[in-house]
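Heads up, the thing below is written out as structure tokens.
Residue indices begin at 1 and follow the sequence shown.
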Amino acid sequence: MKCPGCGSSTLEFQADRYICASCGESYPPSIMLDYIRSFGDWLKTSPTNRTDAKLPETHVGLGEGVPSGWGDISEWDFMSGLRDFDPANPVADLTALTWEMIGTAMTSSIERIRRYGRRFDELDADRDGSMRVYLGRGISEQIDYDLETIACRFALLDDRVMPEELALINSALGLSLDEAELRKRCDTAKDAGGDPFSTPPQSFVAAVVYDNLLYGETKNPEDSCSELLLQTLKTLCEEILICDGAMADDEVAHFTSLMKAIQDLLVEKLDSWEGKPRVSTLALSPSYEGLRIGPTTANPQDGTAAASEAQGEAIGQAEAAATAEAEEPEDEATLEELLEELNSLTGMKRVKQEITSLVNLARIQKAREEHGIKQNALSLHLVFYGNPGTGKTTVARLVSRFYKKLGILSKGHLVEVDRSGLVAGYVGQTALKTAEVIEKALGGVLFIDEAYALSVHRGESDFGQEAIDTLLKGMEDHRDDLVVIVAGYTEPMQAFLDSNPGLRSRFNKFILFEDFTPAELLEIFKSQCKKNSMEPTEEACEAAGAYFEELVNRHDPSFANGRTVRNFFEDTITCQANRLAESEGELTREALVEITLDDIEAAKLLHDESA
């Protein structure tokens with residue numbers, strides 16, 4: 001099987017998806033659907049001729065990327081089954097077999113999880129068996145129960161059982177369920193009560209506890225049952241939900257709710273930050289009712305209790321140190337200094353006025369709150385619109401620092417993304433991807449460049465609207481510690497805000513970033529020179545100014561204001577280096593820092609060619 005991105009035949013299945021060893025791209029198991037579809041024509045040949053029929057050329061190398069342990073493709077039962085198909089109805093047969101094949105792709109990960117379960121059962125028995133008592137069954141049994149129950153629940157979310165869903169679940173989990181048995185399992189599980197889509201499965205409780213125990217012994221962060229279980233369960237649920245070709249809103253909501261519940265548990269109880277030790281079981285002290293995992297003996301006379309307390313204290317100190325190291329350095333600039341930094345930017349007169357007014361309003365609002373004066377909530381989300389290179393990202397970063405200094409935001413950092421950072425290529429992944437970005441931006445500003453790309457209709461497979469819906473929910477849930485700034489061209493941004501009533505209601509502050517004038521572009525060029533210790537001659541500055549005026553008048557599609565100036569400066573440095581390299585004179589300091597008219601003229605040619 002070849003990578004869709006680079007065409008390499010080095011796809012390997014790891015945990016929950018295919019990874020290309022050449023380009024690093026990853027794909028879910030359902031990518032196999034695209035590869036199998038072209039077998040349809042081959043299937044239409046009669047069974048007697050099918051044995052000698054040549055497979056489609058695009059799939060001659062299908063076996064080259066088969067995961068380890070699958071054997072040669074010609075030996076698969078899948079291929080044997082294909083040769084016996086009824087050519088009158090090949091598509092239905094092919095679809096079910098394809099999903100069976102996708103399920104098979106997950107069996108190696110599921111077997112690894114089961115091995116963890118058996119290993120944990122042994123550890124639990126060696127200690128005091130408290131986890132078996134808490135669960136009412138062995139850990140390995142609980143893992144199987146949770147995987148099977150959750151799979152059946154997701155298959156029945158739309159109250160129908162597709163043949164493809166049965167094929168996928170049975171092949172992935174090694175079952176032989178029919179529709180009646182699948183429904184029976186769901187009904188039995190419902191008797192336990194509670195919302196199954198907002199509570200972490202019990203197998204994750206056990207996995208977290210024993211992952212921490214194992215890490216205390218091995219110090220190997222890759223040895224984690226809970227993380228592998230999450231990855232595999234996530235993929236299994238996704239594949240079940242897209243069996244029928246679409247995912248309804250309630251299915252997305254249930255899927256997101258369950259994954260969030262599990263992730264919250266892992267974030268709280270299982271530390272996987274690089275370079276930071278995991279919380280040990282002794283310090284973990286799980287609060288789940290009826291369970292308290294601790295040392296098998298705690299005799300004060302032999303010092304076990306004291307040792308446990310000391311270990312917990314040491315881990316707490318290590319956590320505090322690691323957390324302090326990971327935090328952003330404190331911004332020591334005062335509010336007045338930040339305003340001076342804003343006003344020192346080239347051009348942007350209207351932007352400076354708007355931001356200054358916004359900061360003043362926020363400052364007075366904060367003072368009123370401190371005096372207990374009632375007032376309407378202040379909307380801090382912003383729309384930046386204008387052409388590229390007009391300083392939108394720079395100002396957004398300053399806004400985040402203003403809000404931090406005013407106490408509106410807890411961290412004041414900036415997370416910058418575009419459509420690709422929010423939207424995934426497969427059903428169900430966009431909501432999680434967007435939620436992860438929101439989580440990362442909490443306490444600061446989420447800056448979405450070219451935000452209008454989320455609302456551009458791109459066909460049935462587009463998930464931009466899913467990202468918008470998740471973003472709106474995140475803005476509501478975290479309205480006290482998250483500011484969102486959307487940016488882009490003027491007209492597309494208006495269309496973007498009109499695409500969803502919720503967007504227009506949350507963004508009521510619009511700031512226009514006008515194009516720089518030729519004089520302002522020349523000022524930016526001079527500041528680039530000064531920053532890099534370069535000294536342009538008067539003739540060079542005049543030539544650069546004339547060129548910027550020409551660029552403004554032409555306004556080619558590639559023109560990007562300040563970004564164009566920075567690129568031109570780099571071209572100028574390149575041309576200066578070429579001139580000095582060919583010079584026979586001495587490379588004095590004056591020669592190394594001087595930018596001449598010849599450098600500017602050469603840079604103009606180079607820049608026009610690249611444009």
Problem set entry | Lys234 and Glu238 ion-paired at < 4.0 Å | yes
Exercise. Are Phe516 and Phe548 an aromatic pair by the rule of ring centers under 6.0 Å?
Worked result: no
For this session: Could you tell me whether the side chains of Asp599 and Thr596 share a donor-acceptor contact shorter than 3.5 Å?
Result: yes
For this session: Apply side-chain contact (heavy atoms from CB on, under 4.5 Å) to Phe255 and Phe197, showing your working.
Result: CA-CA 7 Å; Phe255 174 78; Phe197 298 107; over 6 Å; no
For this session: Report the C-alpha separation of Tyr489 and Tyr385 in whole Å, then their side-chain angles, then the decisive distance to 0.1 Å, and conclude whether the ring-ring contact (aromatic ring centres under 6.0 Å, His included) test is met.
Result: CA-CA 5 Å; Tyr489 294 109; Tyr385 62 101; over 10 Å; no
For this session: Could you check Thr572 against Gln576 for side-chain contact (heavy atoms from CB on, under 4.5 Å), going step by step and ending with a plain yes or no?
Result: CA-CA 6 Å; Thr572 302; Gln576 185 220 36; 5.5 Å; no
Problem set entry | Verdict with supporting geometry, Thr394 and Lys392, side chain to side chain donor-acceptor pair (under 3.5 Å) | CA-CA 6 Å; Thr394 301; Lys392 294 187 285 291; over 6 Å; no
Seminar exercise, completed: Tested for side-chain hydrogen bond (donor to acceptor under 3.5 Å, both in side chains) against Tyr547, the lone hit among His607, Lys604, Glu542 is His607
Exercise. Between the side chains of Gln494 and Asp498, is a donor N or O closer than 3.5 angstrom to an acceptor N or O?
Worked result: no
Exercise. Given Ile448, which of Leu422, Asp418, Val437, Val415 fulfils the side-chain contact (heavy atoms from CB on, under 4.5 Å) condition?
Worked result: Leu422
Exercise. So with a 6.0 Å cut-off around NZ of Lys509, is the heavy-atom count from everything else above 12?
Worked result: yes
Exercise. Does Ile468 reach the side chain of Leu503, with side-chain heavy atoms less than 4.5 Å apart?
Worked result: yes
For this session: Could you tell me whether the side chains of Thr390 and Asn561 share a donor-acceptor contact shorter than 3.5 Å?
Result: no
Problem set entry | NZ/Lys352: more than 12 non-hydrogen atoms of other groups inside 6.0 Å | yes
